[in-house]
Amino acid sequence: MCGIVGYVGHRDATDILLEGLRRLEYRGYDSSGIAIQNEDGVLVRKKVGRVSELAALVNMKPVSGSIGIGHTRWATHGGITDENSHPHLGGNGEVVVVHNGVIENYSLLKEKLTALGFVFRSSTDTEVVAHLIAHHLEEQIRLGAD
Ligand code: GLU
């Protein structure tokens, strides 16, 4: 089983998310990751293996901000790789998603989104959700602009 943790507040989210992921380790997982939003945009760090390996990566490539999400993955669709670890970006990175579970109709959605020009960076089912939301946001913005 996998886990999700999120933080919005006044403190730095990175340590809070890493601690949250450590507390979820007992559930079992194969990889973990975090996304942090700050004035530069959304920064993602993800890694196969223990949360301690993610923490080491964050140490090497620090991120800070006061809004973030974190995930421990139990792979169901797509191999256990850094690319397939969550979070996943949708569109050009305007959407960031973590997800537990399975998207039953992901291959149909992936086909449609690929035909619309969305580029997939992983082989997970989850990534379709990120692009699908990005697609509908785009539509809403376009409709609002008319
Ligand atoms: N189906 C998703 C994946 O394989 C989520 C798995 C999970 O619940 O961690 O990435």
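Read the numbers this way: they start at 1 and go in the same order the structure lists the ligands and their atoms. In this chain, residues are counted from 1 in sequence order. It should be emphasised that the depicted structure is a prediction, and the values quoted were computed from it without experimental measurement.
Within the 4.0 Å heavy-atom shell around ligand 1 one does not find G78.
When only interatomic distances are considered, the shortest N/O to N/O separation between H86 and ligand 1 falls below 3.5 Å. Among the atoms of T76, some N or O lies under 3.5 angstrom from an N or O of ligand 1. Checked against a 3.5 angstrom limit, the closest N/O atoms of C2 and ligand 1 fall outside it.
Of all atoms in ligand 1, numbered sequentially from 1 with element shown, those under 4.0 Å from a heavy atom of H71 are 9 (O).
A side-chain donor from one of N100 and H71 sits under 3.5 Å from a side-chain acceptor of the other. Donor-acceptor pairing under 3.5 Å is recorded for the side chains of S123 and N84.
Within 6.0 Å of the CD atom in E139, the count of heavy atoms belonging to other residues, nucleotides or ligands exceeds 12.
The closest protein non-hydrogen atom to atom 6 (C) of ligand 1 is W74 O, 3.2 Å. Of the protein's heavy atoms, G101 O, 3.4 Å lies nearest to atom 5 (C) of ligand 1.
Residue contacts with ligand 1, taken as heavy atom pairs separated by less than 4.0 Å, involve D125 solely via side-chain atoms from C-beta onward.
Annotation: side chain of T124 is not in contact with side chain of E83 (no heavy-atom distance under 4.5 Å).
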Under 3.5 Å, which donor-acceptor pairs do the side chains of residues 112-121 form with other protein atoms, sequence neighbours left out?
residue	atom	partner	partner atom	Å
T114	OG1	K110	O	2.6
R121	NH1	L89	O	3.2
R121	NH2	G91	O	2.9

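The residues E19 and R22 are annotated as salt-bridged, a charged nitrogen and a carboxylate oxygen being separated by less than 4.0 angstrom.
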